[in-house]
Asks: 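Sharing a structure below in structure tokens format, with a few things to ask.
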Amino acid sequence: MTATLIDGKAFAAGLRAQIATQVQAMKAHRITPGLAVVLVGEDPASQVYVRSKGRMTREVGMNSYEHRLPPETSQQDLLALIDRLNADPAVNGILVQLPLPAHMDEAAVINSIDPAKDVDGFHILNAGRLATGQKAMVPCTPLGCLMLLRDHLGSLSGKNALVIGRSNIVGKPMAQLLLRDSATVTIAHSRTANLPDLCRQADILIAAVGRALFVKGDWIKPGATVIDVGINRTDDGLVGDVDFDAAKQVAGAITPVPGGVGPMTIACLLANTLTATARANGLPDPEGLTP
């Protein structure tokens, strides 16, 4: 048995095309979504991400505003910039690229963003709204995973889902989204006892633990759907949190790394920006872009 590959790159391309169409429809009403990305410092990976986000934002017809600040920027100056962006009606979405320099309080910076413009979905109000089933901005990577799962499986109701990882960025919001779709959800992590046995019971396995090839092939339930969120650099190149070569012999479907979840993250950032723009202008949520 060889697993079906879940092609996140192709799905994301279709999603961006859908977003571009809806952006054009908004422009007919003289509304142009605007995304502001703030980068503090010179982290090479962050610079690549910011360039990609800016290019794709412009490709779908949105306005892109990039703010690059030197690493010695004070937290007070960063918060002042965020205040200006919060007040700017041309800016519908604000993203502060993480990680921030060590002298900054990441939580304080994130929570200074207007929750309605928090297209990363990391603000404490959005996290609380998601946890209590209210309308929220949803973190991009879990939203992308949910879209891939729905596309492949249809209904998730009654499925046993295991999320390996408990971060605020992926693990916890992913579990909340799965619960919303009536899956039975377990959250595990690197210290969970009997983790291989838990994995073997999961119809849906989402690996977001940040350890290369952590999930072994013989941990996978035959026919399970495996979503690999991990991106780890090794001497052999980029690999996920799942031993892909072994897992694809057992799973029913699996995302590759690269080309799986990764492309969905930026596409869902654009989706969130469109959603934020619609809500700011009293329009219905864009179809198919929210949980």
Asks: Give the intermediate values and the outcome of salt bridge (charged side-chain N to carboxylate O under 4.0 Å, His left out) for residues D181 and R150.
Replies: CA-CA 9 Å; D181 272 27; R150 285 176 172 174; 2.8 Å; yes
Asks: Go through T57 and I266 one step at a time and tell me if the side-chain contact (heavy atoms from CB on, under 4.5 Å) criterion holds.
Replies: CA-CA 9 Å; T57 300; I266 294 181; over 6 Å; no
Asks: List the steps, then state whether side-chain contact (heavy atoms from CB on, under 4.5 Å) holds for T192 with L198.
Replies: CA-CA 9 Å; T192 297; L198 278 177; 3.6 Å; yes
Asks: If you take all heavy atoms of M147 and C268, which pair is closest and at what distance?
Replies: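 Of all heavy-atom pairs spanning M147 and C268, the closest is SD-SG, 4.0 Å.
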Asks: For residues L39 and L69, determine if any side-chain heavy atom of one lies less than 4.5 Å from a side-chain heavy atom of the other.
Replies: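 Side-chain contact under 4.5 Å: no.
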Asks: Is the number of heavy atoms from other residues, nucleotides or ligands under 6.0 Å of L238 CG greater than 12?
Replies: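 Yes, CG of L238 has more than 12 neighbouring heavy atoms, counting only those of other groups under 6.0 Å.
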Asks: At what distance, to the nearest 0.5 angstrom, does NZ of K248 lie from CD1 of I220?
Replies: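 That separation rounds to 14.0 Å.
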Asks: For K9, does the NZ atom sit with more than 12 other heavy atoms under 6.0 Å from it, leaving out its own atoms?
Replies: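 Not more than 12 within 6.0 Å, no.
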Asks: Where the side chain of Q22 meets the backbone of A271, is there a donor-acceptor pair that is under 3.5 Å apart?
Replies: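 Judged by distance alone, no pair lies under 3.5 Å.
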Asks: Please name the pair of heavy atoms, one in D77 and one in T73, separated by the smallest distance, quoted to 0.1 Å.
Replies: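 Of all heavy-atom pairs spanning D77 and T73, the closest is CB-CG2, 3.9 Å.
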Asks: Does atom CD of E42 have more than 12 heavy-atom neighbours from other groups under 6.0 Å away?
Replies: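 Counting other residues, nucleotides and ligands, CD of E42 stays at 12 neighbours or fewer.
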Asks: Give a yes or no on whether V138 and L15 share a hydrophobic cluster (residues Ile, Leu, Val, Met, Phe, Trp, Tyr; joining criterion: side-chain heavy atoms under 4.5 Å apart).
Replies: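 V138 clusters together with L15.
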Asks: So how far is it from I164 CD1 to D241 CG, rounded to the nearest 0.5 Å?
Replies: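 Result: 8.0 Å between the selected atoms.
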Asks: Could you walk me through whether F11 and I6 pass the side-chain contact (heavy atoms from CB on, under 4.5 Å) test, one step at a time?
Replies: CA-CA 9 Å; F11 191 100; I6 297 175; over 6 Å; no
Asks: Cut-off 3.5 Å, side chains only: do T275 and T290 have a donor facing an acceptor?
Replies: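 Note: T275 and T290 side chains miss the donor-acceptor criterion.
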Asks: Hydrophobic cluster membership, with links at side-chain heavy-atom distances under 4.5 Å among I/L/V/M/F/W/Y: are V215 and L149 in one?
Replies: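 Different clusters: V215 never reaches L149 through Ile, Leu, Val, Met, Phe, Trp or Tyr contacts under 4.5 Å.
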Asks: Does the side chain of M62 come within less than 4.5 Å of T277's, by heavy atoms?
Replies: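 A side-chain contact is absent here, since even the closest heavy-atom pair is not under 4.5 Å.
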Asks: At what distance, to the nearest 0.5 angstrom, does OG1 of T141 lie from CD1 of I206?
Replies: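 CD1 of I206 is found 11.5 Å from OG1 of T141.
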Asks: Do L269 and K53 come close enough that some side-chain heavy atom pair is under 4.5 Å?
Replies: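 Counting from C-beta outward, L269 and K53 do come under 4.5 Å.
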Asks: Rounded to the nearest 0.5 Å, how far does CG of N272 lie from CZ of R279?
Replies: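 R279 CZ to N272 CG: 8.5 Å, rounded to 0.5 Å.
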Asks: Of the non-hydrogen atoms in K221 and D203, which two are nearest, and what is the gap between them?
Replies: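 For K221 versus D203, the nearest heavy atoms are NZ-OD1, 2.7 Å.
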Asks: I'd like to know if the side chain of R200 reaches the main chain of D218, judged simply by a donor and an acceptor atom lying under 3.5 Å from each other, with no hydrogens or angles considered.
Replies: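 Confirmed, R200 side chain pairs with D218 backbone.
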Asks: Of I113, D118, I110, D120, which meets side-chain contact (heavy atoms from CB on, under 4.5 Å) against V96?
Replies: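 With V96 as partner, I113, D118, I110, D120 yield a single side-chain contact (heavy atoms from CB on, under 4.5 Å), made by I113.
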Asks: Can you confirm whether N126 sits close enough to L130 that some side-chain heavy atom of one is under 4.5 Å from a side-chain heavy atom of the other?
Replies: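 No, too far: nothing below the 4.5 Å cut-off.
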Asks: Between N63 and G34 (side chain of the first, backbone of the second, donor and acceptor by atom type, cut-off under 3.5 Å), is there such a pair?
Replies: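 Answer holds: no.
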Asks: Is there a chain of hydrophobic side chains (I, L, V, M, F, W, Y, each step under 4.5 Å between heavy atoms) that links Y49 to V119?
Replies: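 No, separate clusters.
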Asks: Applying a strict under-4.5 Å side-chain criterion to I, L, V, M, F, W and Y, I'd like to know whether L85 and F122 cluster together.
Replies: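 L85 clusters together with F122.
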Asks: Which value, rounded to the nearest 0.5 Å, describes the distance between M137 atom CE and L143 atom CG?
Replies: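 Answer for the CE-CG pair, M137 versus L143, is 9.0 Å.
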Asks: Between K27 (side chain) and G61 (backbone), is there a donor-acceptor pair under 3.5 Å?
Replies: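 Side chain of K27 to backbone of G61, a donor-acceptor pair under 3.5 Å: yes, one is there.
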Asks: Compare all side-chain heavy atoms of T225 with those of I254 and state whether any distance is below 4.5 angstrom.
Replies: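 No, too far: nothing below the 4.5 Å cut-off.
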Asks: Taking side chain as C-beta onward, heavy atoms only, is F244 less than 4.5 Å from D228?
Replies: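 When only atoms from C-beta onward are counted, D228 and F244 do not touch, as no gap falls below 4.5 Å.
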Asks: Answer whether the closest heavy-atom distance between the side chains of K117 and N92 falls below 4.5 Å.
Replies: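 Sidechains of N92 and K117: no contact.
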Asks: Hey, does the side chain of D105 reach the backbone of A107 with a donor-acceptor pair shorter than 3.5 angstrom?
Replies: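 Here the side-chain-to-backbone pair exists.
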Asks: Minimum heavy-atom separation for R129 and A136, please, with both atom names.
Replies: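 What the structure gives for the nearest pair is CB-CB, 3.7 Å.
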Asks: Indicate yes or no: at least one non-hydrogen side-chain atom of R211 is less than 4.5 angstrom from one of N232.
Replies: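 R211 does not reach N232 side chain to side chain.
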Asks: Looking at H29 and I31, would you say the former's side chain and the latter's main chain have a donor-acceptor pair under 3.5 Å?
Replies: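 No; judged by distance alone, with no hydrogens or angles, the pair does not exist.
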Asks: Could you see if L153 belongs to whatever hydrophobic cluster contains M174? Use Ile, Leu, Val, Met, Phe, Trp, Tyr and a side-chain cutoff under 4.5 Å.
Replies: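 Same cluster: L153 reaches M174 through Ile, Leu, Val, Met, Phe, Trp or Tyr contacts under 4.5 Å.
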Asks: I'd like to know whether I19 forms a side-chain contact (heavy atoms from CB on, under 4.5 Å) with L289, so could you lay out the CA-CA distance, the side-chain angles of the two residues, the decisive distance to 0.1 Å, and finally the verdict.
Replies: CA-CA 9 Å; I19 291 166; L289 301 184; 4.0 Å; yes
Asks: Could you tell me whether Y65 atom OH has more than 12 heavy atoms of other residues or ligands within 6.0 Å of it?
Replies: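 Count over threshold, so yes.
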Asks: What do you reckon, is CD of Q76 surrounded by more than 12 foreign heavy atoms closer than 6.0 Å?
Replies: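 No - once you tally the heavy atoms of other residues, nucleotides and ligands closer than 6.0 Å, there are 12 at most.
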Asks: Taking all atoms of both residues into account, what is the closest heavy-atom pair of L79 and A108, and its distance?
Replies: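 Of all heavy-atom pairs spanning L79 and A108, the closest is CD2-O, 4.2 Å.
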Asks: Scan side-chain atoms only and decide if T132 and Q134 contain a donor-acceptor pair under the 3.5 Å cut-off.
Replies: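 T132 vs Q134: donor-acceptor pair found between side chains.
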Asks: Heavy atoms only: give me the nearest T273-P33 pair and the separation to one decimal.
Replies: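 Reported closest heavy-atom pair: CG2-CB, 4.3 Å.
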Asks: Can you measure from CG (N111) to CD1 (I82) and round to the nearest 0.5 angstrom?
Replies: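 One gets 10.0 Å once the value is rounded to the nearest 0.5 Å.
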